Amino acid sequence: MLYVDGKWVEEGQAAVHPEDRGYNFGDGIYEVVRIYKGRMYQWDAHLTRLFRSAREIKLELPWSPESLADLAQELMAKNNITDQDDATLYLQISRGAAPRVHDIPSAITPVIMAFVRPKARPVDDLKKGWTASLVEDIRWLRCDIKTLNLLGAVLVKQYAKDKGAQDSILHRDGIITECSSSNLFAVKDGALYTHPADHLILHGITRQVVIDLAQANGIAVHEKPFDIAFLKQADELFLTSTTAEIMPLISVDGEAVGNGQPGSVTSRLQALFEQHIHDSVLV
């Protein structure tokens, strides 16, 4: 069962207004929240980012954090998500429906849509890792806002798949930014390196958890730009996201990263993350 613009609807019954600005312009925002064993993980952080995204696109949200939390809980209940289930919650807010003009209408009501989907953790992939391909970052210059404008991300993901890789590593003028829908970390001499959380990347929720876990456990973290040459000399690479968690990258354009296996720092962070999940939602 889905929630669309104030109504509960069965799968296949949802309707999008032909002049909804989310549909016409990608004029809206969204979040994807991980659910572990029937409990939402990092909900407050996701909600904080949702409201920030809204402010950045001049979208005033009529819902309180409490009402959105109630909606999330009701969605899980209506879709029979129990304390045995892993899932994801998708929450989308468009600016609303109005006659199609490029400027923002003065009187318009945001439209909210949300659904829950069962989703298992990528346990096997976390052990063996993914392959990646270097791709030019063709996205817009406000990647820090989690908007519905995802065509750039779709294309760079497909470019990587066309090369036989599972994901892309993006670069702007030779400077590494992130991946198609996730943040990137390089490991060199036991320390982490990742692009600073400016307008060129999304400040990922899992990214911040990893940074906090690393710093709390004696692993140095450098939030600074690095180039392709540094990437190719890295001892380990991994990406982070809500659904991929901490995913090792074992090759780039067919060249092995390190020994071509998930590295020791990555594996240690995976173990710390596993414990963090348990401590956060499963106790």
Side-chain angles (χ1 to χ4, degrees), residues 1-54 57 59-98 108-123 125 145-154 157 180-182 202 204-206 240-245 277 280-282:
M1 183 164 284
L2 295 80
Y3 185 83
V4 183
D5 198 17
K7 303 180 183 68
W8 292 100
V9 297
E10 296 292 341
E11 193 82 25
Q13 293 181 334
V16 176
H17 191 285
E19 291 185 311
D20 187 295
R21 291 178 64 89
Y23 181 72
N24 287 174
F25 297 109
D27 187 357
I29 56 176
Y30 77 103
E31 284 289 331
V32 178
V33 182
R34 200 57 163 106
I35 297 168
Y36 293 115
K37 303 304 179 189
R39 298 185 184 181
M40 292 186 295
Y41 178 67
Q42 295 290 296
W43 168 255
D44 288 345
H46 281 284
L47 209 59
T48 297
R49 188 171 64 182
L50 181 77
F51 276 84
R52 177 191 180 273
S53 293
I57 69 167
L59 173 59
E60 185 173 347
L61 300 185
W63 304 281
S64 68
E66 293 77 17
S67 66
L68 293 176
D70 290 343
L71 172 60
Q73 293 296 333
E74 193 169 0
L75 265 170
M76 287 192 287
K78 286 182 178 293
N79 286 277
N80 301 314
I81 300 299
T82 73
D83 60 5
Q84 300 300 311
D85 297 319
D86 293 336
T88 56
L89 164 68
Y90 181 83
L91 177 65
Q92 173 179 301
I93 300 172
S94 78
R95 198 178 300 276
I108 188 169
T109 302
V111 172
I112 188 169
M113 184 271 289
F115 59 84
V116 170
R117 290 283 187 272
K119 188 173 181 63
R121 296 181 63 194
V123 176
D125 285 348
I145 310 173
K146 200 168 179 68
T147 76
L148 305 179
N149 296 276
L150 294 175
L151 182 56
V154 168
K157 178 81 167 186
S180 64
S181 58
S182 53
L202 181 70
I205 305 301
T206 306
T240 61
S241 77
T242 292
T243 54
E245 300 185 3
I277 294 171
S280 298
V281 300
L282 301 182

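Here the structure is a predicted model, which is why all the values come from computation and not from measurement.
- With sequence neighbours left out, D70 forms a side chain to side chain donor-acceptor pair (under 3.5 Å) with no residue at all.
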Self-check item: V33 and Q42: CA distance, side-chain angles, deciding distance, side-chain contact (heavy atoms from CB on, under 4.5 Å) verdict
Solution: CA-CA 8 Å; V33 182; Q42 295 290 296; over 6 Å; no
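- Closest of all the heavy-atom pairs between S64 and F51 is C-CZ, 4.4 Å.
- Taking the charged nitrogens against the carboxylate oxygens, K146 and E31 have no contact shorter than 4.0 Å, which rules out a salt bridge.
- Between L50 and I93 the shortest side-chain heavy-atom distance falls below 4.5 Å.
- Take D125 and apply the side chain to side chain contact (heavy atoms under 4.5 Å, CB included) test, not counting sequence neighbours, and it matches P122, K128, W130, M247.
- Minimum heavy-atom separation, L68 to L47: CD1-CD1, 3.7 Å.
- When the side chain to side chain contact (heavy atoms under 4.5 Å, CB included) test is applied to T240, the partners found at least two apart in sequence or on another chain are N183, F185, T206, R207, V210, F238, I246.
- When all heavy atoms of Q73 and M40 are compared, the closest pair comes out as NE2-CE, 3.5 Å.
- For the pair A114 and L91, the tightest heavy-atom approach, listed with the atom from each and the gap, is CB-CD1, 3.9 Å.
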Quiz item: Does the side-chain contact (heavy atoms from CB on, under 4.5 Å) test come out yes or no for L89 and W43, once each step is laid out?
Solution: CA-CA 10 Å; L89 164 68; W43 168 255; 3.8 Å; yes
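- Applying the ring pair (Phe, Tyr, Trp, His ring centres under 6.0 Å) test to pairs two or more places apart or on separate chains, those with a residue in residues 66-90 are Y30-Y90, Y90-F115.
- Shortest non-hydrogen contact noted between T242 and Y36 is O-OH, 4.3 Å.
- Although no hydrogens or angles enter the test, the distance criterion places no donor-acceptor pair under 3.5 Å between the side chain of S182 and the main chain of S241.
- The backbone N or O of K37 sits less than 3.5 Å from a side-chain atom of D86, completing a donor-acceptor pair.
- In this structure, the side chain to side chain donor-acceptor pair (under 3.5 Å) partners of S180, at least two apart in sequence or on a different chain, are D167.
- The heavy-atom pair separating D20 from S94 by the smallest distance is OD1-OG, 2.9 Å.
- Annotation: Y23, atom OH; neighbour count of heavy atoms from other residues, nucleotides and ligands within 6.0 Å does not exceed 12.
- The closest donor-acceptor contact from the side chain of N79 to the backbone of M1 lies under 3.5 Å.
- A donor-acceptor pair under 3.5 Å is formed between the side chain of N24 and the backbone N or O of P18.
- D27 is linked by a side chain to side chain contact (heavy atoms under 4.5 Å, CB included) to R21, F25, I57, R95, counting only residues two or more places apart in sequence or in another chain.
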